[in-house]
Undergrad: 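Structure provided below as structure tokens; questions to follow.
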Amino acid sequence: MTERAPDGWTAAEQALWGAFRHGRIHDLRTGDPALDDPFGEAVWGTDRTIRAQVLARLLLDGPAAVPGRVASLKLTGALVTGPLRLAGGTIGHYVELHDCRFDQKILMSEAEAGTLRLVGCLLPRLEASRLVTSGDLHLARCRVPQGVRLTDARIGTDLLLNQAVLGGDRFGRALSADGLAVSQDFEAERLQSVGELSLRTARIGGRFSLRGALLRAAPDNPNALNAPRITVGHTLYLSSSADHGWSDSQSYYGSGYGQVVPPGAASTPFRAYGRVRLSDGRFENSCLISGAEFHLGEGEELALRRIQTPELRFTCRTPPTGTVSLSRARVGNLVDAPDAWPRGKHLGLTGFTYECLRPAAPFTVQQRIAWLESASVEFQPESYEQLAAALRRDGADDDAREVLYAKQRRRRHTLPLPARVWGRIQDATVGYGFRPGRAALWLLLAWALGSAYFATHELQPLKADERPHWNPVLYALGQLLPVVDLGQAGWNPGGAAQWVSAGLVVVGWVLATTVAAGATRMLQRG
């Protein structure tokens with residue numbers, strides 16, 4: 001293979017040929033930041049221009065390396081003209097482009113490569129469906145006005161879109177990556193997009209981080225993030241990003257692996273303007289929705305239906321403006337805060353199951369009940385049972401009974417009128433069995449009234465020749481506690497007194513059993 005650049009190449013292109021063979025960086029910058037900004041208005045002349053066909057020649061059929069060197073394409077500060085056509089090709093060299101401008105799209109669908117790094121570059125569009133890399137694909141700090149296509153691509157290690165700015169294609173998609181597979185991490189921290197991020201059925205082997213990202217739906221596409229059936233091998237981060245490590249920094253590796261923003265520290269939230277769909281997602285470590293803002297319009301929602309994860313953290317700074325659906329989701333730990341959930345009937349909890357409650361802020365049982373009752377559907381007894389079971393597992397038996405009591409009161413509103421009347425009687429007297437103290441007060445009142453009645457209505461003995469000592473207080477108590485013999489069984493009530501006695505017996509059975517059940521629970525806790 002020839003060691004000289006082909007005839008007809010410009011001086012800049014011939015210099016790139018030599019830099020490629022030596023594995024050196026070919027830097028065409030002037031040293032003036034204003035002139036070297038690939039996103040600026042400065043005009044780059046022919047001395048900084050490289051034709052796309054030159055890059056294609058080097059990558060697909062480039063010269064041999066100088067002995068003792070590794071051939072690689074390292075280009076900085078160049079204007080690349082024409083479409084870069086690499087589709088279906090095999091790129092066997094390391095590629096790293098910094099601060100370059102492309103005047104036409106990059107076409108590399110079904111190509112095979114090692115590591116591809118485009119950092120801080122301006123390119124109209126990247127077409128890379130079914131791309132296969134054995135190493136990284138970096139698009140950090142790049143601006144792609146017409147979006148990126150990575151449908152069914154296979155990334156061997158990491159995919160990096162930190163600080164990238166993406167526009168939408170003709171379908172309103174900024175990132176088309178359905179079926180994408182990333183072996184390790186997918187980082188898109190501080191990403192800005194106008195258009196849908198489509199990641200349906202994507203598989204991420206490590207973490208998927210959108211910390212500090214700003215996602216806006218396109219006018220003709222309501223989705224900001226569309227990732228149903230996504231699988232994340234570690235953690236999904238829809239969370240805020242600490243400004244320390246980002247502001248005034250050219251780093252594109254983020255501000256720390258899974259770093260938690262310290263309390264009070266300056267940070268940038270994750271923000272989504274449009275629908276967010278994560279339904280049927282699997283997050284093997286956790287799903288962290290923390291320090292996030294969801295600006296949802298009419299009919300839009302944050303869809304978390306049927307997700308599965310050992311931990312769901314939901315601690316938004318402000319409640320989402322639309323609906324949050326957790327229907328049939330299954331999580332281990334639910335870490336949340338009362339002010340994080342949407343107001344009104346904008347919460348879907350049908351079939352939502354969780355093992356433990358780990359509130360990130362004080363969350364009273366009354367607030368939990370209000371959380372359940374903010375669900376967007378009618379009364380669902382299983383939601384109350386689920387909450388009560390989780391509270392019992394944490395040893396909060398009193399709170400669990402409070403939830404079950406609230407369930408009975410909510411259920412009453414769904415019953416016919418006679419059942420509602422009977423329910424109100426039960427509520428007022430015994431609190432559906434969850435208010436033994438109230439039952440004891442009614443029992444005392446019945447005892448007092450019965451004693452007062454029988455004090456003025458002495459009864460006749462059962463046997464005329466046997467007249468026990470008459471005690472109206474003990475007699476009334478004996479009727480309320482019929483299983484207890486207080487020595488007042490020898491009297492024969494009749495007429496109105498018979499009805500009063502029968503009433504005391506019925507009231508006693510209803511109220512005394514409730515009081516006894518409450519006392520048993522207290523002894524068991526002791």
Side-chain angles (χ1 to χ4, degrees), residues 86-91 105-116 118 123 125-140 142 144 146-162 164 166-188 191 193 195-210 213 215 217-218 221-238 272 274-285 287 303-309:
L86 301 170
T90 299
I91 303 169
K105 64 178 67 175
I106 298 177
L107 305 169
M108 52 195 320
S109 296
E110 301 191 36
E112 297 183 10
T115 291
L116 301 172
L118 284 76
L123 49 145
R125 179 166 174 79
L126 173 61
E127 287 279 358
S129 57
R130 296 175 296 283
L131 169 70
V132 177
T133 74
S134 59
D136 296 346
L137 173 60
H138 289 194
L139 297 170
C142 287
V144 193
Q146 298 173 28
V148 175
R149 184 177 182 84
L150 288 170
T151 305
D152 296 318
R154 300 289 182 268
I155 308 303
T157 48
D158 297 331
L159 173 60
L160 218 64
L161 275 79
N162 292 343
L166 307 182
D169 60 13
R170 59 194 179 94
F171 300 107
R173 297 192 183 101
L175 174 64
S176 298
D178 297 342
L180 171 71
V182 180
S183 296
Q184 296 184 21
D185 296 336
F186 181 4
E187 291 189 14
L191 170 74
S193 65
E196 174 186 330
L197 298 190
S198 184
L199 290 155
R200 294 177 295 180
T201 69
R203 298 186 303 279
I204 315 299
R207 63 174 187 156
F208 179 21
S209 180
L210 283 163
L215 312 182
N221 186 333
N223 296 322
L225 174 61
N226 187 23
R229 301 182 301 282
I230 190 172
T231 300
V232 178
H234 195 267
T235 301
L236 169 66
Y237 294 92
L238 300 184
R275 293 191 304 199
V276 175
R277 299 181 62 216
L278 296 168
S279 300
D280 299 293
R282 301 292 183 271
F283 311 102
E284 300 299 333
N285 186 67
C287 176
L304 300 170
R305 295 185 182 89
R306 299 177 297 278
I307 68 166
Q308 295 184 27
T309 181

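Positions are given from 1 along the sequence. Scope of the values below: all heavy atoms of this structure, side chains included, with no hydrogens, waters or symmetry mates.
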Undergrad: Only one of Ile204, Asp185, Val182 forms a side chain to side chain contact (heavy atoms under 4.5 Å, CB included) with Leu159, so which one is it?
TA: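 Of all the options given, the one that passes is Val182.
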
Undergrad: Kindly write out the residues that satisfy side-chain hydrogen bond (donor to acceptor under 3.5 Å, both in side chains) with Arg125, not counting sequence neighbours, or none if the list is empty.
TA: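 By the side-chain hydrogen bond (donor to acceptor under 3.5 Å, both in side chains) rule, Arg125 matches Glu127.
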
Undergrad: Rounded to the nearest 0.5 Å, how far apart are CZ of Arg200 and OG of Ser176?
TA: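 Interatomic distance, Arg200 CZ to Ser176 OG, rounded to 0.5 Å: 9.0 Å.
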
Undergrad: Using a 3.5 Å distance criterion without hydrogens, assess whether the side chain of Ser183 forms a donor-acceptor pair with backbone atoms of Gly156.
TA: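 The answer is yes, because a donor-acceptor pair under 3.5 Å joins these two groups.
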
Undergrad: Quick one: NZ on Lys105 to CG on Leu123, what's the gap to the nearest 0.5 Å?
TA: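 Answer for the NZ-CG pair, Lys105 versus Leu123, is 11.5 Å.
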
Undergrad: Applying ring-ring contact (aromatic ring centres under 6.0 Å, His included), can you list everything that pairs with Phe283, at least two apart in sequence or on another chain?
TA: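 Checked Phe283 against ring-ring contact (aromatic ring centres under 6.0 Å, His included); zero matches.
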
Undergrad: Sequence neighbours left out, what passes salt bridge (charged side-chain N to carboxylate O under 4.0 Å, His left out) with Asp280? Give chain and number order.
TA: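 Testing Asp280 for salt bridge (charged side-chain N to carboxylate O under 4.0 Å, His left out), a comparison that skips the adjacent residues, returns Arg306.
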
Undergrad: Side chains of Thr133 and Ile91: does their closest heavy-atom pair fall under 4.5 Å?
TA: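 When only atoms from C-beta onward are counted, Ile91 and Thr133 do not touch, as no gap falls below 4.5 Å.
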
Undergrad: Grab the two heavy atoms, one from Leu118 and one from Cys142, that are nearest each other, plus how far apart they are.
TA: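 So the two residues come closest at O-SG, 3.1 Å.
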
Undergrad: Please round to the nearest 0.5 Å and tell me the distance separating atom CG of Asn162 and atom NE2 of His138.
TA: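 Reported to 0.5 Å precision, the distance equals 9.0 Å.
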
Undergrad: Among all residues two or more places apart in sequence or in another chain, which pass the side-chain hydrogen bond (donor to acceptor under 3.5 Å, both in side chains) test with Thr157?
TA: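 For Thr157 the side-chain hydrogen bond (donor to acceptor under 3.5 Å, both in side chains) partners, ignoring immediate neighbours, are Asp136.
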
Undergrad: Might you work through the side-chain contact (heavy atoms from CB on, under 4.5 Å) test for Thr235 and Thr309, ending with a clear yes or no?
TA: CA-CA 9 Å; Thr235 301; Thr309 181; over 6 Å; no

Undergrad: If the condition is salt bridge (charged side-chain N to carboxylate O under 4.0 Å, His left out), which residues does Asp152 pass it with, not counting sequence neighbours?
TA: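 None.
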
Undergrad: With Thr231, which residues qualify under side-chain hydrogen bond (donor to acceptor under 3.5 Å, both in side chains), at least two apart?
TA: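 Result, side-chain hydrogen bond (donor to acceptor under 3.5 Å, both in side chains) vs Thr231: none returned.
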
Undergrad: Under the rule for salt bridge (charged side-chain N to carboxylate O under 4.0 Å, His left out), what residues qualify as partners of Arg130, not counting sequence neighbours?
TA: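 Arg130: salt bridge (charged side-chain N to carboxylate O under 4.0 Å, His left out) contacts with Glu110.
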
Undergrad: Which atom pair, heavy atoms only, marks the closest approach of Met108 to Ala128?
TA: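 Taking every non-hydrogen atom into account, CG-CB, 3.8 Å.
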
Undergrad: Identify, with sequence neighbours excluded, every residue that meets salt bridge (charged side-chain N to carboxylate O under 4.0 Å, His left out) alongside Arg305.
TA: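 Result, salt bridge (charged side-chain N to carboxylate O under 4.0 Å, His left out) vs Arg305: Glu301.
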
Undergrad: Could you state the interatomic distance from CD1 (Ile230) to OG (Ser279), rounded to the nearest 0.5 Å?
TA: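 Atom-to-atom, Ile230:CD1 and Ser279:OG are 12.0 Å apart.
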
Undergrad: Just do the side-chain contact (heavy atoms from CB on, under 4.5 Å) check on Glu187 and Arg207 with the steps written out, would you?
TA: CA-CA 8 Å; Glu187 291 189 14; Arg207 63 174 187 156; 2.6 Å; yes

Undergrad: What's the shortest heavy-atom distance between Ser198 and Arg173, and which atoms?
TA: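 So the two residues come closest at CB-CD, 4.2 Å.
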
Undergrad: In chain order, what residues pass the side-chain hydrogen bond (donor to acceptor under 3.5 Å, both in side chains) check against Arg277, with sequence neighbours excluded?
TA: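 For Arg277 the side-chain hydrogen bond (donor to acceptor under 3.5 Å, both in side chains) partners, ignoring immediate neighbours, are Asn226.
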
Undergrad: With sequence neighbours excluded, tell me which residues meet side-chain contact (heavy atoms from CB on, under 4.5 Å) with Ser129.
TA: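 In terms of side-chain contact (heavy atoms from CB on, under 4.5 Å), with neighbours along the sequence ignored, Ser129 is linked to Ser109, Arg149, Thr151.
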
Undergrad: Check Ser193 against Leu215 and note the closest heavy-atom contact, atom names and distance.
TA: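 Result for this residue pair: OG-CD2, 3.3 Å.
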
Undergrad: Just to verify, what does Ala188 make a side-chain contact (heavy atoms from CB on, under 4.5 Å) with, not counting sequence neighbours?
TA: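 side-chain contact (heavy atoms from CB on, under 4.5 Å) list for Ala188, sorted by chain: Leu161, Phe186, Leu191, Leu210.
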
Undergrad: Please report the interatomic distance CD(Glu196) to CG(Asp169), rounded to the nearest 0.5 Å.
TA: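 The CG atom of Asp169 is 9.0 Å from CD of Glu196, to the nearest 0.5 Å.
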
Undergrad: Just to verify, what does Ala177 make a side-chain contact (heavy atoms from CB on, under 4.5 Å) with, not counting sequence neighbours?
TA: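 Applying side-chain contact (heavy atoms from CB on, under 4.5 Å) to Ala177 gives Leu150, Leu175, Leu180, Leu199.
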
Undergrad: Provide the closest heavy-atom pair for Ala224 versus Ala217 in the form atom of the first, atom of the second, distance.
TA: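 So the two residues come closest at N-CB, 4.1 Å.
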
Undergrad: Please lay out, stage by stage, how Val144 and Leu139 fare under the test side-chain contact (heavy atoms from CB on, under 4.5 Å).
TA: CA-CA 9 Å; Val144 193; Leu139 297 170; 5.8 Å; no

Undergrad: Do the side chains of His234 and Gln184 get nearer than 4.5 Å, heavy atoms only?
TA: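 Heavy-atom side-chain distance check fails, nothing below 4.5 Å.
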
